[in-house]
Student: 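Questions regarding the structure given below will be posed in turn.
Letters go in sequence order (proteins before strands), and every chain restarts at 1. What you see is a predicted model, and the numbers here were worked out from it, not measured in a lab.
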Protein chains: 2
Amino acid sequence: MRPTIADVAREAGVSKTAVSFAFNTPQRLSPDTAARIRDVAETLGYRPHPVARMLTQRRTMAVGILTPQALSVIFSNPFFGAFSEGCALAAEESGYALQFISPVHGSLVRAIGRATVDGVVAIGLQDDHPEVEQIRRAGVPMVMVDSSVMAGMSSIDVDDEAGARSAAEHLVQLGHREFLVLGVEPPPPATGLSPDGVTGRRLRGYRSALARAGISLGDDRVLVGPASVLGGSIAFERAWEDGLRPTAVMAMSDAMAVGAMRAIGDRGLGVPDDVSVVGFDDIDLAPHTNPPLTTVHQPTRQKGEEAVRLLLSLPIRPEQGEPIHRQLATHLVVRGSTARAPQSRLEVAVAMD
Amino acid sequence: MRPTIADVAREAGVSKTAVSFAFNTPQRLSPDTAARIRDVAETLGYRPHPVARMLTQRRTMAVGILTPQALSVIFSNPFFGAFSEGCALAAEESGYALQFISPVHGSLVRAIGRATVDGVVAIGLQDDHPEVEQIRRAGVPMVMVDSSVMAGMSSIDVDDEAGARSAAEHLVQLGHREFLVLGVEPPPPATGLSPDGVTGRRLRGYRSALARAGISLGDDRVLVGPASVLGGSIAFERAWEDGLRPTAVMAMSDAMAVGAMRAIGDRGLGVPDDVSVVGFDDIDLAPHTNPPLTTVHQPTRQKGEEAVRLLLSLPIRPEQGEPIHRQLATHLVVRGSTARAPQSRLEVAVAMD
DNA sequence: TACATTGCCTAAACCGGTTTGCTAAACCGG
DNA sequence: CCGGTTTAGCAAACCGGTTTAGGCAATGTA
């Protein structure tokens with residue numbers, strides 16, 4: 001049986017209070033009493049029970065990272081890894097632990113109900129997510145990342161639209177006219193593509209750059225899928241089977257971009273000679289893909305860091321104080337996966353055989 | 001103020017017990033009483049306090065993943081991402097949450113002391129880690145992953161030695177004689193390289209294959225560094241500056257292998273024409289690096305899954321029952337980063353200019 | 001009619017700590 | 001030697017739930 005504070009008190013011949021003091025405010029005890037209590041505790045192998053501590057102190061010293069997707073889906077997404085790293089950095093430097101909150105049996109509300117955290121960083125939650133309102137009512141301080149701006153909630157974002165625009169401009173300048181967009185699919189409970197979500201914002205960026213060049217991007221040229229290598233290659237395959245023959249692919253995640261490159265290669269085409277590909281995120285491995293990936297850089301780690309820092313600076317009572325919104329910059333990084341558009345569609349067709 | 005069970009009880013005109021029943025064992029209440037209590041709770045916005053619940057039920061429904069490294073270091077390691085994914089899969093299917101436990105101010109014991117988990121999966125803990133004994137005494141059920149076998153502790157491992165051996169054999173068959181090993185550095189508190197740790201086991205594998213070919217691998221040809229792209233390139237640079245001119249690099253992590261390939265490229269050499277590189281792990285992106293990485297595959301996700309499953313099947317009292325050890329297989333995956341050794345050392349020297 | 005059973009609900013103890021309010025002894029200057 | 005201040009430590013209340021051990025009617029049984 002794990003020893004409790006009462007065991008230590010009995011063994012040391014003092015009150016529970018004294019034992020508590022010995023650990024938390026030793027200066028309220030005579031030095032030798034404190035030392036004796038610590039000794040007894042040590043030999044008994046006593047450690048204050050963290051849960052009991054949380055209950056009385058009314059804080060957990062943990063921040064939660066809430067995602068609408070199952071953890072088993074997102075952990076190997078390098079973007080999420082980098083984001084978590086940033087969160088961890090800021091949390092650790094303030095002595096906070098990190099807890100991941102993901103849907104329990106599909107319910108985020110239930111998950112948040114059983115989470116023992118002092119605050120929550122929510123990433124990728126769509127505003128039309130049916131549970132946001134309930135989550136907000138939970139009364140936990142919260143920072144939204146990569147969501148649409150919500151009333152009363154602080155947020156951290158990046159300039160998705162500008163980033164996407166620069167990607168599309170780059171391709172337009174290279175002479176491309178036939179585009180395919182691979183979007184990140186919102187998790188199940190969402191009904192569709194919110195124009196204010198990340199996917200919507202990036203799409204707007206792509207479209208505005210293309211429009212300026214007189215190109216209109218039909219909805220049939222926008223495919224969505226999970227943000228993974230597999231998701232990217234499946235989406236490209238589907239587009240191909242639908243008869244689309246793009247010379248340029250704009251993926252909203254580097255993982256999808258890599259998947260697209262693979263699918264393109266499987267079709268016997270070359271990147272960037274036959275098809276150009278540009279990603280989004282600029283993950284650590286982007287410079288080392290084959291070919292090196294042209295992509296929109298976003299400060300992913302910094303995003304995590306700032307989110308947690310902002311969260312920890314928030315007042316305890318969420319109602320108080322104005323929400324703070326912060327937007328970080330993005331920029332295009334040109335590497336080897338983009339090149340001039342092939343001379344004619346014919347060439348592409350020939351290359352296919 | 002967050003409503004408590006007492007508030008609901010008062011409002012509904014029943015006892016706290018009744019409210020508790022309404023949520024946990026409604027069949028002990030008349031249907032309409034239960035319904036009325038739930039209604040009141042709903043309008044008050046009551047949710048049972050998770051910490052209080054943990055305290056009375058003596059369980060947290062969470063499993064901890066313990067790493068000797070700071071989270072801000074490992075989250076963007078794709079290997080760890082995949083491992084976590086496996087853990088998350090097994091945890092989620094049993095309704096458990098996942099918590100990450102990393103050193104607090106350098107102390108793992110302190111970290112484990114404040115962790116509210118029902119069990120721990122410890123990954124990469126060296127047996128000579130000064131705190132293992134204390135951790136064990138914490139009395140939490142625990143499964144060790146990628147550690148040396150410890151008395152009384154269940155464990156999940158992969159066949160590191162065989163994997164490493166197959167990598168070295170492959171290179172020997174390609175005619176290589178000059179090797180460089182890039183090892184994974186154990187985290188700070190460890191004193192040195194334990195022969196029983198992962199690094200030690202893999203090293204043994206490399207050496208045994210080389211020895212069979214009459215090649216001895218001196219300690220000066222084994223460099224260690226952090227398991228990251230940067231760690232790999234720095235380690236290779238150091239070796240090069242020390243005058244080493246290997247034709248084959250064996251890295252104990254894919255991230256390091258990628259870093260080495262980059263450093264090799266920076267020196268004006270080509271992979272695999274001038275230098276062959278083989279990694280370890282087979283991360284998702286390994287097929288998509290430039291060139292595609294030859295590497296030792298290990299079932300990383302499965303390792304996480306099995307670790308959590310084993311943990312959850314363990315008896316509550318750690319002393320009871322025989323510890324279970326399980327070893328998963330590894331195998332070499334040959335891709336494009338390895339080739340026949342260059343004809344002579346001279347060629348390499350020429351290529352340098 | 002007396003007695004056991006069942007259904008519904010409660011008071012109080014408990015989980016393992018922290019915090020508040022207080023007391024008794026030691027200490028202090030005058 | 002006295003009143004006032006520290007110092008050292010304690011008992012009890014508290015955090016917010018769950019669980020145990022009944023209590024009280026209504027129902028079933030002899």
Student: Which comes earlier along DNA chain C counting from the 5' end, the contact point of B/Arg58 or that of B/Ala18, where each point is its nearest nucleotide?
Tutor: B/Ala18
Student: Any side-chain N or O of A/Tyr46 under 4.0 Å from OP1/OP2 of C/dG16?
Tutor: no
Student: Report the distance from atom CZ of A/Arg10 to atom P of D/dC10, rounded to the nearest whole Å.
Tutor: 14 Å
Student: Where do B/Ala18 and B/Leu29 come nearest, in terms of heavy atoms and distance?
Tutor: O-CD2, 3.3 Å
Student: Of the options D/dG9, D/dT20, C/dG17, whose atoms approach the side-chain atoms of B/Phe21 most closely?
Tutor: D/dT20
Student: Over all strands shown, is B/Leu55 touching base, sugar-phosphate only, or nothing at heavy-atom distances under 4.0 angstrom?
Tutor: base
Student: Regarding D/dG16, can its base be found pairing with the side chain of B/Lys16 as donor and acceptor, where the two atoms are less than 3.5 Å apart?
Tutor: no
Student: Given that both distances must come in under 3.5 Å, which nucleotide forms a Watson-Crick or G-U wobble pair with C/dC3?
Tutor: D/dG28
Student: Are any of the side-chain nitrogens in A/Asp157 or A/Lys303 under 4.0 Å away from the carboxylate oxygens of its partner?
Tutor: no
Student: Using whole Å, report how far CZ of B/Arg53 lies from C1' of D/dT18.
Tutor: 9 Å
Student: Ignoring backbone atoms, establish whether B/Thr56 has a side-chain N or O less than 4.0 Å from OP1 or OP2 of D/dT18.
Tutor: no
Student: Students often get this wrong, so: under 4.0 angstrom with heavy atoms, is A/Ser20 touching a base, only sugar-phosphate, or nothing?
Tutor: base
Student: Are OP1 or OP2 of C/dG16 and a side-chain N or O of A/Thr4 less than 4.0 angstrom apart?
Tutor: no
Student: Distance check needed: C/dT23 P versus A/Arg28 CZ, whole Å only.
Tutor: 16 Å
Student: Round to the nearest Å and state the distance from A/Ile37 atom CD1 to D/dA8 atom P.
Tutor: 13 Å
Student: Name the pairing partner of C/dG30, where a pair is Watson-Crick or G-U wobble with both distances under 3.5 Å, or state none.
Tutor: D/dC1
Student: Has the side chain of B/Thr17 got a donor or acceptor atom sitting under 3.5 Å from an opposite partner on the base of D/dT19?
Tutor: yes
Student: Measure from CE on A/Met1 to C1' on C/dC14 and round the result to the nearest Å.
Tutor: 12 Å
Student: Across the strands shown, which category fits A/Arg47 at heavy-atom distances under 4.0 angstrom: base, sugar-phosphate, nothing?
Tutor: sugar-phosphate
Student: Without decimals, in angstroms, what is the distance between B/Asp7 CG and D/dG17 C1'?
Tutor: 13 Å
Student: Do A/Phe80 and B/Phe75 make the cut of ring centroids closer than 6.0 angstrom?
Tutor: no
Student: It should be established whether A/Thr33 places a side-chain nitrogen or oxygen under 4.0 Å from OP1 or OP2 of nucleotide D/dG9.
Tutor: yes
Student: Looking at A/Glu92, A/Glu305, A/Glu85, which hits side-chain hydrogen bond (donor to acceptor under 3.5 Å, both in side chains) with B/Ser72?
Tutor: A/Glu92
Student: Measure from the side-chain heavy atoms of A/Ser30 and tell me the nearest of D/dA8, C/dT18, C/dC9.
Tutor: D/dA8
Student: Hey, are B/Ser20 and B/Thr17 close enough side-chain-wise for a donor-acceptor pair under 3.5 Å?
Tutor: no
Student: What does D/dT18 pair with, Watson-Crick or G-U, if both distances are under 3.5 Å?
Tutor: C/dA13
Student: Which is true for A/Val14 with a 4.0 Å heavy-atom rule: it touches a base, it touches only sugar-phosphate, or it touches nothing?
Tutor: sugar-phosphate
Student: Output the single nucleotide from C/dA11, C/dG17, D/dC10 whose closest atom is nearest the side chain of A/His49.
Tutor: C/dG17
Student: Pairing donors with acceptors under 3.5 angstrom, does anything connect the side chains of A/Ser94 and A/Arg309?
Tutor: no
Student: In whole angstroms, how far is the P atom of C/dG16 from the CE atom of B/Met54?
Tutor: 15 Å
Student: Distance check needed: D/dA8 C1' versus A/Arg36 CZ, whole Å only.
Tutor: 12 Å
